[in-house]
Amino acid sequence: MTFQTLSPSITSSAIAPEKPGAELLLDALEEQGVESIFGYPGGAVLPIYDALHARTTLRHVMVRHEQGATHAAEGYARASGKVGVVLATSGPGATNTVTGLADALLDSIPLVCITGQVPRHLIGTDAFQECDTVGITRSCTKHNYLVDKAENLPCIIHEAFHLARSGRPGPVLVDIPKDVQLESARYTSKHSAPLRRSSPPKPTEKTTLERVIALMRRAKRPILYTGGGIINSGPAASEALRALAQETGFPVTSTLMGLGAFPASHPQWLGMLGMHGSLEANLAMHDCDLMIAIGARFDDRVTGRVDGFSPHSTKVQIDIDPSSINKTIRVDEKLLGDAGEILRDLLACWRASETCAASKRERMNAWWDKIADWRAKNSYQYQRSGDAIEPQLAIERLHALTREREVYVTTEVGQHQMWAAQWFGFEHPNRWMTSGGLGTMGYGLPAALGVQLAHPQALVVDIAGDASVQMTMQEMSTAVQYGLPIKIMILNNAYLGMVRQWQELIHEGRYSQCYSDSLPDFVKLAEAYGGSGLQVSDPSKLDDAIRTMVGTPGPFILDCVVTQHANVYPMIPSGAAHNEILLADPEPTLEPQS
Amino acid sequence: MSATETRVEPPQTAAFTVTLDDEPGALARLVSLISARGLNIKSLCVAIDDTTDHCGRLTVVLDKLDIAPDLITAQFGRLVPVREARVIDHGIPHVARELALAHLAGGKAALDRLKDQLEARGGRLLITTSSGVVCEHRGSAEEIDRWLNGLKPLGLLRFERTGEIALATESVEAAP
């Protein structure tokens, strides 16, 4: 193995005393500003756990399954803006992190995952708890390393953190053989470590900015299509977006991952777009004449059928990842770089640009009138029965009763996730943690642990489904052990709700394997773990139940029994265009596919 | 521009040149990125170069490619060890060459006849063995195809070919 590019300079290493690799690792983590680690010990990482035992500077949260550690680290990273750190042993410890790594890769969450490996002389011998960790995780990490000797470990850790947080953020894995953890070498500080991919991006050419501003000044039907890149850029990017929207008067929509970058209460907010986005957001995307995509990657759940996607618009894309530009949709102008910086450049250029008669806000009047017509359809509407809790009502009330607090929401994946995105109005960035790209059921509960650790005083609610929450339910035990008072609100319809919805709409009502005939008693389950819980099914008792959940110290499960057959609307069927959107309708809404 | 231009119809063949850090797994990353997208490698030619900045240099040829080649170079650019990736397609002035080695059967008696026929076909004799001759030929992939087909009637025992390496002859936009 050659690490010419990573070898420390002799002068810096000559001063430091020799230490075992495990100590070098922890020194590097400390220097990188790590305070919390989510992990699970095992044979191949015992030297690291031994070193960790003596450190008071690093807080370790022992999860109950390594998948939980990865999602907790994701929640921590997304809510704090820091890099999330995972520590797992070799073999099954490493393979259990794969789902979380893939999740973080798709949602651009900065993680560093440290795994133990069998000693170097046993690699490739089918040793106990051996697996090809770098091979298995190669395609679900931004980069990964098998550390060849302790001397290289500090530089690798520094580069891993740099790669995780720079550019389009993502997970980086470092696999450390057990004998490397025990081998002595000198430390290299982060200032002496050579880093790849560290040259700053080229500033956007002024002429490109001016061309974009000219398009913006002329546009009669513009839209800002925003995404998770704005959240990743940091709160300043959200501020810049708000200022740009304010000054231009453009309507704003967002992907699932971008919720909170623009306040949901703002009059220019159209709601989320995509498969279950609002009518006004999707039709505005379809009919616009200028689309400015900011930190959004034209995901298939957003575009629908690509040849029917916004056919008459000029498209501008702002993204930090060159491979996200033109990937599925060809754009007319590209601005490569950090969303926040480019938004600020655009704002400055907008302010400096000349206004002419054609650029007056009145040019957009007809557009806003059209948007008002779409809005009037109230596309998220649902029928209230009064004798059962509709899932949308549960989210509406949760939002209403917690909006005055510092509240962070995580979700699992499925119908409840879409209803949460529709009905929980986010006003601030970093408050919404959900698995967007990979769609990982079981994400929300462990993610809530990480969020709570980052914000101990905040209210952290996992809006869950009865099916998803059982995938990582064991982390309730972690919540109790570490005193993390997360609240889990289960929208319990006893179904794999989104599967049931698709089977109803697309598979002629053949409900194959989507009903849970024997759900656990979630209240007793909460109590068994040492938390508390409550079940509610009467809509008149919903508010009190939510108040009880929020007001009870410690981890809490609210088992909210909801109507069983509600569907998420609007819905753009897979492979349809934005203007083929389906609305809630008492009549059958979709012809079965032949 | 229309949305469909991210795809290529009909599928084409394109060569890419990539320079990458010399570290374990660098080539595996590139190859698995290609295979994960269901693309087929027609040839792959790689060497570590120590004469300048110590890196791996490779040419990979993808056939039946239905994704726009510039999107492939952008994907290569995501890989941390990749320093530079370029597409070499029909629109870019370039030179492409492949090397083939062939072992032809024939005793001492047939040697002169073989030499003559090799010369006529553009090959170069390298060594004579107890069982025949080993010869080489350089040219485009199509020329190598033709040369090997021409050798078959002469008693082709075994052959190996490198796949093309390509060199752009004027500067092109590079990624990342």
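The figures here come from the full heavy-atom set of this structure, side chains too, leaving out hydrogens, waters and symmetry mates. Naming convention: chains lettered A, B, ... in sequence-line order (proteins, then strands); numbering from 1 in each chain.
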Hey, are the side chains of A:Arg196 and B:Arg83 touching, using non-hydrogen atoms and a 4.5 Å cut-off? no
To check you understand the geometry: which heavy-atom pair defines the closest contact between A:Pro322 and B:Ala74, and what is its length? O-CB, 4.2 Å
B:Arg158, CZ atom: more than 12 neighbouring heavy atoms under 6.0 Å: no
Non-hydrogen atoms of chain A under 4.5 Å away: do they reach the side chain of B:Ile72, the backbone, both or neither? neither
In this structure, CD of B:Glu23 is separated from CG of A:Asp148 (nearest 0.5 Å) by 10.5 Å
Near A:Arg120 CZ, under 6.0 Å, is it more than 12 heavy atoms from other residues, nucleotides or ligands? yes
Can you tell me how far apart OG (A:Ser324) and CG (B:Leu71) are? Round to the nearest 0.5 Å. 11.0 Å
Indicate yes or no: at least one non-hydrogen side-chain atom of B:Thr6 is less than 4.5 angstrom from one of A:Arg330. yes
Please state whether the side chain, the backbone, both or neither of A:Asp321 comes within less than 4.5 Å of a heavy atom of chain B. side chain
Regarding A:Arg197 and B:Asp21, does a basic nitrogen lie under 4.0 Å from an acidic carboxylate oxygen? no
Sort by residue number and list every residue of residues 26-46 of chain B having at least one heavy atom under 4.5 Å from chain A. B:Ala28, B:Arg29, B:Ser32
